[in-house]
Amino acid sequence: MISGKRLSKEFYTRDVLDVAPELPGKYMVIRLPDGIFGRFQVIEVEAYRGAEDKACHACKGRTPRTEIMFHKGGRLYVYLVYGMYWMLNVVTGEENIPQAVLIRGVENYSGPGRITKSFGIDRSFYGEDLDISERIWFEDTGARPVFKTGPRIGIDYSGEFWKTRPWRYYI
DNA sequence: TCAGTGATTAGG
DNA sequence: CTAATCACTGAG
């Protein structure tokens, strides 16, 4: 069994473009619906960076939904899209700098909507503190895998510049 | 390629 | 109140 050390506030309280590339290879630990804990290596993520990023929900300003992104890093931003799929995001950066990393894929599970459906992640995880949560956190095992980058998925509406930023990171 | 599905948001 | 939008998925 691979063991690791829980990532602390300091890890998340950095610019999203520093945090996101370091997440692939980390482990997501979560208490599954049956009560058993699962550990899954993070495979694919995307960075959403602040008010100027037209693909980031926070570019529309501070609303009840995006509120948590304005907090210090280390919290979860969870929202429903297309009326069916919960998206799991990790808030990063300093207070009032709205950023988040979308978890697109973990070991054996591809697709952000499939992950949350499989693991029972829903609205109740909104704002969860990764430092102290007893049902979800991330761990570092020391692995530093080689990763690739590419444009983010599903944000064609954001315009030529933002939709071509290579802010998707995957193993 | 395309419909399903409902919270969120801006606007009247 | 109305209506548009949507960081997706599975079927065909």
Side-chain angles (χ1 to χ4, degrees), chain A residues 7 11-26 28 30 32-33 38 40-94 96-130 136-138 147-171:
Chain A
L7 295 172
F11 176 84
Y12 304 105
T13 312
R14 295 179 293 149
D15 190 278
V16 71
L17 295 184
D18 293 321
V19 177
E22 293 184 16
L23 275 173
K26 299 289 187 289
M28 182 172 83
I30 180 164
L32 300 171
F40 305 90
Q41 186 176 39
V42 177
I43 300 300
E44 181 179 10
V45 303
E46 283 176 359
Y48 288 85
R49 189 168 186 266
E52 63 169 19
D53 178 1
K54 291 293 183 287
C56 180
H57 291 164
C59 76
K60 302 280 190 183
R62 198 165 186 153
T63 67
R65 183 176 66 154
T66 62
E67 162 71 20
I68 197 67
M69 272 199 280
F70 289 78
H71 284 238
K72 267 183 67 173
R75 309 288 288 276
L76 291 185
Y77 168 45
V78 177
Y79 67 92
L80 190 67
V81 72
Y82 296 113
M84 283 179 270
Y85 304 104
W86 294 99
M87 297 290 104
L88 173 63
N89 296 253
V90 175
V91 174
T92 72
E94 299 288 347
N96 291 317
I97 306 292
Q99 306 179 332
V101 179
L102 170 67
I103 307 298
R104 291 199 72 89
V106 300
E107 195 177 357
N108 299 330
Y109 296 87
S110 297
R114 285 173 164 183
I115 291 176
T116 53
K117 185 178 180 186
S118 302
F119 299 166
I121 294 170
D122 59 15
R123 182 79 223 221
S124 74
F125 282 76
Y126 183 94
E128 192 87 354
D129 191 333
L130 295 172
I136 184 171
W137 63 87
F138 290 85
F147 63 86
K148 300 176 183 176
T149 65
R152 295 172 291 178
I153 308 288
I155 54 159
D156 286 352
Y157 62 84
S158 66
E160 195 55 32
F161 181 79
W162 296 105
K163 82 177 186 184
T164 55
R165 292 312 87 204
W167 290 352
R168 179 162 59 100
Y169 307 89
Y170 58 100
I171 296 175

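All values below were derived from every heavy atom in this structure, side-chain atoms included, with hydrogens, water molecules and symmetry-related copies excluded. Order of the sequence lines fixes the chain letters, A, B, ..., with proteins taken first and strands second; residue numbering starts at 1 for each chain.
In this structure, the nucleotide among C:dA7, B:dA7, C:dC8 sitting nearest to the side chain of A:Tyr85 is C:dC8. Considering only the side chain of A:Arg114, C:dG10 comes nearest among C:dA7, B:dT9, C:dG10. Ranking B:dA7, C:dT9, B:dT5 by closeness to the A:Tyr82 side chain, first place goes to B:dT5.
How far CZ of A:Arg65 is from OH of A:Tyr77: 4.0 Å, rounded to the nearest 0.5 Å. Distance CG/A:Asp15 to CD/A:Gln99: 4.5 Å, rounded to 0.5 Å. Interatomic distance, OG1 of A:Thr116 versus CG of A:Asp122, reported as 9.0 Å (0.5 Å rounding).
Annotation: of the two residues near DNA chain C, A:Lys117 and A:Ile153, the 5′-most nearest-nucleotide partner is A:Ile153. If you find the closest nucleotide of DNA chain B to A:Met84 and to A:Arg123, the one lying nearer the 5' end belongs to A:Met84.
In this structure, the side chain of A:Glu107 engages the main chain of A:Gln41 through a donor-acceptor pair within 3.5 Å. Although no hydrogens or angles enter the test, the distance criterion places a donor-acceptor pair under 3.5 Å between the side chain of A:Arg152 and the main chain of A:Ala47. Judged purely by atom type and a 3.5 angstrom limit, A:Tyr79 has no side-chain atom pairing as donor or acceptor with the backbone of A:Asn89. Judged by distance alone, with hydrogens and angles left aside, the side-chain atoms of A:Thr63 form a donor-acceptor pair with the main-chain N or O of A:Thr66 at under 3.5 Å.
Checked against the 6.0 Å centroid criterion, the rings of A:Phe119 and A:Phe40 qualify as a close aromatic pair.
The CG-P distance, from A:Leu80 to C:dT5, rounds to 18 Å in whole Å. A:Met87 has its CE atom 7 Å from the C1' atom of C:dA7, to the nearest Å. For the pair A:Tyr126 OH and B:dT8 C1', the interatomic distance rounds to 12 Å; values are reported in whole Å. Rounded to whole Å, atom C1' of C:dC6 lies 15 Å from atom CZ of A:Arg152. Atom CG of A:Asp122 is separated from atom P of B:dA7 by 13 Å (rounded to the nearest Å). Straight-line distance from the CG atom of A:Leu23 to the C1' atom of C:dA7: 16 Å, rounded to whole Å. Remark: P of C:dC8 and CD1 of A:Ile121 are 16 Å apart, rounded to the nearest angstrom. Look at NZ on A:Lys60: it is 11 Å from C1' on C:dC6, rounded to the nearest Å.
Dashed line: the shortest gap from a side-chain N or O of A:Arg104 to OP1 or OP2 of C:dC8 is under 4.0 Å. Distances shorter than 4.0 Å separate none of the side-chain N or O atoms of A:Arg168 from OP1 or OP2 on C:dA7. Side-chain nitrogen and oxygen atoms of A:Tyr157 include at least one within less than 4.0 Å of the OP1 or OP2 phosphate oxygen of C:dA7. Taking 4.0 angstrom as the limit, A:Arg65 places none of its side-chain polar atoms (N or O) nearer than this to OP1 or OP2 of C:dT5.
Note that A:Arg165 lies in the cation-pi zone of A:Phe161, set by a 6.0 Å cut-off to the ring centre and a 45° limit from the axis.
At a threshold of 4.0 Å, the pair A:Arg104-A:Glu46 counts as salt-bridged, since one of the basic side-chain nitrogens sits closer than that to a carboxylate oxygen.
Within 4.0 Å (heavy atoms only), A:Ile155 reaches sugar-phosphate atoms of the nucleic acid but no base atom. Residue contacts shown for A:Gly113 are limited to sugar-phosphate atoms, with no base heavy atom under 4.0 Å away.
Contacts with DNA chain B (heavy atom under 4.0 Å) in residues 44-56 of chain A: none are found.
Taking a pair as Watson-Crick or G-U with both hydrogen-bonding distances under 3.5 Å, the stems of three or more pairs touching DNA chain B are B:1-4 with C:8-11, B:6-11 with C:1-6.
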